[in-house]
Enquirer: 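One structure, pasted below without further comment.
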Amino acid sequence: MGDFNLALVIVAVVVCVIVFLVNVYLLVNYQHPDDANQAYFPKFVVVLGLSIAAISILMLPADVANRQACRHAIYNGACNLTLPMKDLWLAVYILDAVLVFFVIPFAMFYYEGDQDKSVGKRIKSALMWVVTTAIVVALLLGILYGLVGKVDFTVRHLSSTTTSFPSTWTFDNGQPCIGNGVHQCSAYSASPSSEKTWTMRTTFPEYVVALATIAGSVLFAIFGGVGIACLPLGLIFSFIRRPKAVITRSQYIKEATELGKKARELKKATESLHQEEKSGAKGRKFRKNVKEVEKELFQLEEDVKLLEEMYPQGEKAETTWALTVLGYLAKFILGILGLIVSVAWIAHIIVYLLIDPPLSSFLNEVFIKLDDVWGLLGTAAFAFFCFYLLLAVIAGATMLGLRLVFITIHPMKWGATLMNSFLFNVGLILLCSISVIQFCSTAFAYYAQATAAQEIFGHTLESLRGIKYLYKYNVFQIAFIVLAGLTFVYYAAFGWRRRKHSGRFQLST
């Protein structure tokens, strides 16, 4: 038992170190050259946030592995020697909430502050915004916790008489209980009046986690539902829309000239916005124009990238074209594999969560059988499905972020991502990661039973007063499936079309 726990601790430490190094690598390679050797605090927040998001996803399979230490325990106290998963869950998710609602907004306000101001004034301005937000959030949480921070468990009072043990043990549908002539147990024969509601106050950390989960669940239902379809189909249709051959030089010159005109228009618009900013005009019209410029700039960069693919240049042009072809082929293969996983996810949600009683435990049984093949194979598959769901959320946010006017566009680009874009996306990932874990603990309740995550995200969250009805009637799961279906239809109808070049760009007046 002790050896198992020691091995689990070592694995956990090694995984945390690997996650940290991978996130540092992503930061270094994604950051914009303008942020090199500066903006160290936002960078620290980015690495910490990405690490917390990844570790929180990995904690659920770790929770399952931690439970295995108690499976063959020969004394009750053995489970006390395992990892304190409930305390770790609460610590990670309280830190998650602090990062999302306080630290990341402060880092964004500071980073986006007027560069002409001193560091002290920028810190003061950012603190004013964050402190105001903190006061409002604290008051809201305190009031809600005082009024409805309770859980309502439905219990049934049972009582029965005693009887002597029979000499033979025979149980069937006709006699499910002990005793001669008994055809119904107390649980079946109890009257409806025996049901009562047992109310208790939840802890404040669990309540904070619950409310953060609700906020994330709204985004999860939208982004996850769209992303579970657009993640694989986007890769597949990217292969279908791929450039089939290298264009001629005359075609390249024509396309490059058009893109040059578009770039000059954007430069002129940017200079105009910069003059407006200096004059102090930062109203709704200004913010709308900034978003339009960011959108057009992102699309211009995509057009330039596509043109470079269609007309590779340099001494190794043939090699570049060959790598481009192989890259699109890899997208097609990954898209097919992703489509299989997405269909499996949707089928599992329908047969296990939406139908009562469930038609099948489906993926739960698959993970259990994989564990029988090799101890950690089922846990690894379980972790993969959880990670895939988080990737689907990110894919959905990327797709909708270019189309919804109320979402600031913060695209992630290799070697060209500013820190404010990094911080925005990290906050989105952190907020949705809570809901991903809650969703996975519910979807794989049979496989992840008796874990600390089940206690927090299963019994407590789904019995919380005022919130339990969202889970009782499967509101988020239904929204997830509906949006996934609509996205499949959208891609089937329009996904194969090439995107046309946008028209002449003009600012709102």
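Reckoned from all heavy atoms, side chains included, excluding hydrogens, waters and symmetry mates. Numbering of residues begins at 1 and proceeds along the displayed sequence.
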Enquirer: Name the atoms and distances for all side-chain donor-acceptor pairs under 3.5 Å in residues 127-139, with sequence neighbours left out.
Expert:
{"from": "Thr132", "atom 1": "OG1", "to": "Met128", "atom 2": "O", "distance (Å)": "2.7"}
{"from": "Thr133", "atom 1": "OG1", "to": "Trp129", "atom 2": "O", "distance (Å)": "2.9"}

Enquirer: Would you say that Leu339 contacts Leu235 through its side chain, given a criterion of any heavy-atom pair below 4.5 Å between the two side chains?
Expert: no
Enquirer: Can you find a heavy atom in the side chain of Tyr446 that is under 4.5 Å from one in the side chain of Ile368?
Expert: yes
Enquirer: In Å and rounded to the nearest 0.5 Å, what is the OH to CG distance from Tyr490 to Leu233?
Expert: 11.5 Å
Enquirer: When rounded to the nearest 0.5 angstrom, what distance separates CD1 in Ile57 from CG in Leu390?
Expert: 4.5 Å
Enquirer: Compare every heavy atom of Ser433 with every heavy atom of Leu430, then report the nearest pair and how far apart it is.
Expert: O-OG, 2.7 Å
Enquirer: Starting at OG of Ser51, measure out to CG of Leu95 and round the result to the nearest 0.5 Å.
Expert: 10.5 Å
Enquirer: Would you indicate whether Phe387, at its atom CZ, is surrounded by more than 12 heavy atoms from other residues, nucleotides or ligands within a distance under 6.0 Å?
Expert: yes
Enquirer: With side chain to side chain contact (heavy atoms under 4.5 Å, CB included) as the test, would you mind laying out the steps for Phe488 and Ile346 before giving the verdict?
Expert: CA-CA 12 Å; Phe488 272 108; Ile346 294 173; 3.7 Å; yes
Enquirer: Once you round to the nearest 0.5 Å, how far does CG of Leu391 lie from CZ of Phe384?
Expert: 8.5 Å
Enquirer: Strictly distance-based, threshold 3.5 Å: is any side-chain N or O of His348 a donor or acceptor partner for the main-chain N or O of Ala443?
Expert: yes
Enquirer: Do other residues, nucleotides or ligands put more than 12 heavy atoms under 6.0 Å from Phe41 CZ?
Expert: yes
Enquirer: Scan residues 326-346 for pairs that pass side-chain hydrogen bond (donor to acceptor under 3.5 Å, both in side chains), counting only residues two or more places apart or in two chains.
Expert: Glu309-Tyr328, Ser342-Tyr388
Enquirer: With side chains defined as the heavy atoms from C-beta onward, is the minimum distance between Phe362 and Phe367 less than 4.5 Å?
Expert: no
Enquirer: May I ask you to test the Cys16-Ile55 pair for a side-chain heavy-atom distance under 4.5 Å?
Expert: yes
Enquirer: Of all the heavy-atom pairs spanning Gly225 and Thr487, show the shortest one and how long it is.
Expert: O-OG1, 4.2 Å
Enquirer: Check for a donor-acceptor pair, side chain of Asn364 on one end and backbone N or O of Ser361 on the other, with a separation under 3.5 Å.
Expert: yes
Enquirer: In Å, rounded to the nearest 0.5 Å, how long is the span from CD1 of Ile478 to CG of Leu353?
Expert: 10.5 Å
Enquirer: Students often mix this up, so state it plainly: with edges at 30° and 60°, are the rings of Phe444 and Phe382 parallel, tilted or perpendicular?
Expert: perpendicular
Enquirer: Checking ring pair (Phe, Tyr, Trp, His ring centres under 6.0 Å) for the pair Phe480/Phe439: CA distance, chi angles, key distance, verdict?
Expert: CA-CA 11 Å; Phe480 184 94; Phe439 192 84; 5.7 Å; yes
Enquirer: Which atom pair, heavy atoms only, marks the closest approach of Ala344 to Leu363?
Expert: O-CD1, 4.1 Å
Enquirer: Considering non-hydrogen atoms only, spot the tightest contact between Ala381 and Leu370 and give its length.
Expert: CB-CD1, 3.7 Å
Enquirer: Output, in order, the C-alpha distance, side-chain angles, deciding distance and verdict of side chain to side chain contact (heavy atoms under 4.5 Å, CB included) for Ile222 and Phe476.
Expert: CA-CA 9 Å; Ile222 298 173; Phe476 299 120; over 6 Å; no
Enquirer: Could you go through the side chain to side chain contact (heavy atoms under 4.5 Å, CB included) check for Val426 and Val45 one step at a time?
Expert: CA-CA 9 Å; Val426 169; Val45 174; 5.9 Å; no
Enquirer: Ile437 and Ser56: which non-hydrogen atoms are nearest, and at how many Å?
Expert: CD1-O, 3.2 Å
Enquirer: Between Asn29 and Tyr25 (side chain of the first, backbone of the second, donor and acceptor by atom type, cut-off under 3.5 Å), is there such a pair?
Expert: yes
Enquirer: Atom CZ in Phe220, atom CG in Leu431: separation rounded to 0.5 Å?
Expert: 12.0 Å
Enquirer: Quick one, Ile123 and Phe106 - any side-chain contact, counting heavy atoms below 4.5 Å?
Expert: yes
Enquirer: Would you say the side chain of Val46 lies within less than 4.5 Å of the side chain of Leu423, judging by non-hydrogen atoms?
Expert: yes
Enquirer: Would you mind reporting whether Glu265 and Leu300 have side-chain heavy atoms less than 4.5 Å apart?
Expert: no
Enquirer: Answer whether the closest heavy-atom distance between the side chains of Met108 and Ile104 falls below 4.5 Å.
Expert: yes
Enquirer: Could you report the tightest heavy-atom contact between Leu483 and Ala221, atom names first, then the distance?
Expert: CD1-O, 3.3 Å
